[in-house]
Amino acid sequence: MFYRVEFSKTNRARFLGHRDLMKVMVQGMRRAGFDLALTQGFNPRPKVSFGPALAVGISSQAEYFDVELEQQTGDGDFLRRLNECLPEGFAVSRVMETKIALPSLGVLTQAFYQAWGLPQQPCDIKNSIKAFEDAEEVSYERSGRDGLEKRNMKEGVLWLRGKEKGDGFVILEFALNLGNKGAVRPGEVLGPLGNFGLNFFQESIRIHRTGLYFARGEKLFSPLEDVEE
Amino acid sequence: MKGGFLLSVLWESIEQILSRVERPGRYIGTEWNSVHKEWDQVPVRMVFAFPDLYEVGMSNLGLQVLYGLVNQDKDYLMERVFAPAADMERELRLAGLPLFSLESARPLADFDVIGFTLQYEMSFTNIINMINLAGLPLRSRDRSGEMPLIIGGGPVALNPEPLADFFDLFVLGDAEELLPAILEVIARQKRDSQGGRPGKEQIIQELSRFEGVYIPAFYEPKYNTAGGFQGTFPCVPGAARRIKKRVIPDLDEAFFPVAPVVPFGEVIHDRAMLEVMRGCTRGCRFCQAGMVYRPVRERSVATLCDQAAGLVASTGHDEIALTSLSTSDYSGINRLTAELLRAYGHGGVALSLPSTRVDAFSVDLARDIQQVRRSGLTFAPEAGTQRLRDVINKQVSEDDILGATEAAFGAGWTNIKLYFMIGLPTETITDLDGIVQLAKKILALGRSKGSKGKKKPAVTVSVSSFIPKPYTPFQWEPQDNRETLFEKQHYLKARLRGPGLAFRWHDVRLSYLEGIFSRGDRRLSYLLERAWELGCRMDSWDEHLRFDLWEQALDDCAIEAGDYVARRRDYVEPLPWDHLDVGVTKAFLRKEALQALEGGKTADCRHEKCPGCGICRRFKVELDVKEPHNSVLQG
């Protein structure tokens, strides 16, 4: 029996990495008494696969994993039992049971984020964002294998919105391409905005992932929606 | 487990830092089975301080035992703290923030008790560092009465003299009964002082009456005019001449944590641990643990199966480790493994043993155990020739070794690891050649046994440097100097190369430092403090060891390391740990030392007659073997 699980990773749990997360979920499922299907061979492992990694320090309300169990357990039952066995900061929000494997979480195409930060000077959000959108190229650097690589942020950022919160903080929303070509990391987005008048205090920045999606043409599907394939 | 997670006001600042350090998951304390209590509702609060990184400390069984034990009482709280990594330490010092506990991010100085576990000498600089990061004066005499009590326990607490000036109290031996008794005294005194914090002196005065409690301030070392050590003597009325370690007589009655904290991340050993027994009486002459954890006390198969059930359900671990000093010697090992495999094998839960006794029977056992998942097999012959094995009382013949490894290859193993020591007393080049010959014979066996499989046999020889330890028959021996050890390693490396052979060795500089502290006295506190001041930390980590600073510290303190490490001690000279009593008599150790020179055998009291080490008679305790009809001598 196959299950797709949607969960959140918040509070102190945002400081755990992807491998920590995988361990937490697998051990949690064992504690919940689930009969995990195991791979064959020398070193049997549970058949679990996770969506794209979330960087350390970033919280999320919508992360996903797929798991195969030997025995069926109702959706509601799965959710309740697993939630009782997860440490603080992890909560399963939705579970979907299917008899066949769903389109892989590896082909998710977009990630939506929220970020907030305190600008170092008063700024004009509307104009800054417009300038960003109008720019053809927004360069930034990433350290790679061969030293510093120059990259163009516009290739990876699908859209960007923002507004002031009222307490001085600015809240941004943006979508990034997943996948290897030109992919921008969420932590890399805020820095180059300094070129457009948006300079944040580094320590004030917080990033939160709000969704992961498949794109089919113009439409976006959440991993729990795209069942027709 | 869920519900309000109460964090101190420090948390906001710590959160900032966590975004900048590596592996911040080490510091958050929200693991499954971690305990979070309301600070103001709990009368006595203690923090367990493990003086190494989270990844190392979370494999420590002692931590889990005491954490579960103390927290089961609603009047006590225990939280955890580990040595901060270099980046975290830098951030804390830059921001002027104190070292904080994991669960509630409280400054260590807010606790009533800070308890360090003393696992190995090279963690000492981390201990000093953590006391300093807590914002507390290093030395006990400089700490005021309202500051937390700093206590130490664990194996190295049996010779804690180099740390004596920094600690208020040491717990010697088994802590399961003693620690709650200590906390109870503190609870009562806090109640009686109605809101104020009772003075440290008052608490210590009462605690000093417990057996197993060593108050270093009540003793002073004496030296003669030439600087020779004369002994450690009581300097307050009523202090006992010698302090006896605590012994829990029946492990079936002792607390065991069936809901241990499940660590985050890649921890050195991430498995559910079952403590099968405590103590070992095989009598290997180099082994301190074998001498200081006597008598052997086992848990029954029934108790262990119950505990295993609790562990698996509460943790979700996929491996159960049967830990003890020599698990193959457990009287119920066959029955235990059969029951555990029956209960958990199909569910993908594996069993593991730390190392395998060197005989074919044990290989059969290992094969049964590794049905679920196979890892390598480790044997510890320790010495390369029969002559030297007889000197150390390791009763293993070459036939045993070859028989065991042949059985291992036959059963499908391809990776064999062998542990040896260099620098043992009476060692000659013939003994080193013995190591090489043995490794090559075993490799040849592996190739001839030739598995149908694709994997080629591989033998890894791992060689550690012998460090003479207190309370062993070799405590009077000199330690090989660095040059000699290095040459021996070089000699072996040159001969243990080629396909199928791998050679591992330990840093001789580390062995040298460990040797100084292992048989050290109180004068070393200055060395320790100076080394720390100069910047020494995390000494057991390759990338952090600053041997140059240690050499400078030795120089600055005018300490002659040779006195501690290289000198052969006289059988009648006073030793810095003589005032502490682990049960085994010096007369027995001396007799064993002489036996060693003759290559004489000393029996294991579990199977043969009592060799007279002294502990049972003197401490009124006894050997506790639980499954007498299941003797391990049978196949």
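Each chain gets a letter, A, B and so on, in the order its sequence line appears, and its residues count up from 1.
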Over 12 foreign heavy atoms within 6.0 Å of CZ, B:Arg93: yes

Separation between CG of A:Leu38 and CG of B:Asp318, rounded to the nearest 0.5 Å: 9.5 Å

Between the CD1 atom in B:Ile14 and the CZ atom in A:Arg12, the distance rounded to the nearest 0.5 Å is 9.5 Å

Rounded at 0.5 Å granularity, tell me how far CG in A:Asp20 sits from CZ in B:Phe264. 7.5 Å

In the structure I gave you, are the side-chain heavy atoms of B:Trp32 and A:Gln27 within less than 4.5 Å of one another anywhere? no

Mark yes when over 12 heavy atoms from residues, nucleotides or ligands other than A:Gln202 sit less than 6.0 Å from its CD; otherwise mark no. no

Do any of residues 304-315 of chain B have a heavy atom less than 4.5 Å from a heavy atom of chain A, and if so, which, in residue order? B:Ala313, B:Ser314, B:Thr315

A:Gln40 CD: over 12 foreign heavy atoms closer than 6.0 Å: no

How would you list, by chain and number, every residue that makes a side chain to side chain contact (heavy atoms under 4.5 Å, CB included) with B:Leu61, sequence neighbours excluded? B:Val65, B:Phe256, B:Met273, B:Glu275, B:Thr323

Counting only heavy atoms not in A:Glu141, do more than 12 sit closer than 6.0 Å to its CD atom? yes

Listed pairs under 3.5 Å, donor-acceptor, residues 157-179 of chain A side chains, sequence neighbours left out:
unit_1	atom_1	unit_2	atom_2	d
A:Asp167	OD1	A:Phe169	N	3.0
A:Glu173	OE2	A:Gln114	NE2	3.4

Could you give the distance from CZ (A:Phe15) to CD1 (B:Ile28), rounded to the nearest 0.5 Å? 8.0 Å

Can you give me the closest heavy-atom contact between B:Gly25 and A:Leu16, atom names plus distance? CA-CD2, 3.8 Å

Minimum heavy-atom separation for B:Gly316 to A:Arg31, with atom names? N-CG, 3.6 Å

Considering residues at least two apart in sequence or located in another chain, which fulfil the side chain to side chain donor-acceptor pair (under 3.5 Å) criterion with B:Arg23? none

Under a 4.0 Å N-O cut-off, is there an ion pair linking A:Arg14 with B:Glu15? yes

Quick check for you: to the nearest 0.5 Å, what is the distance between A:Glu203 atom CD and B:Arg20 atom CZ? 6.0 Å

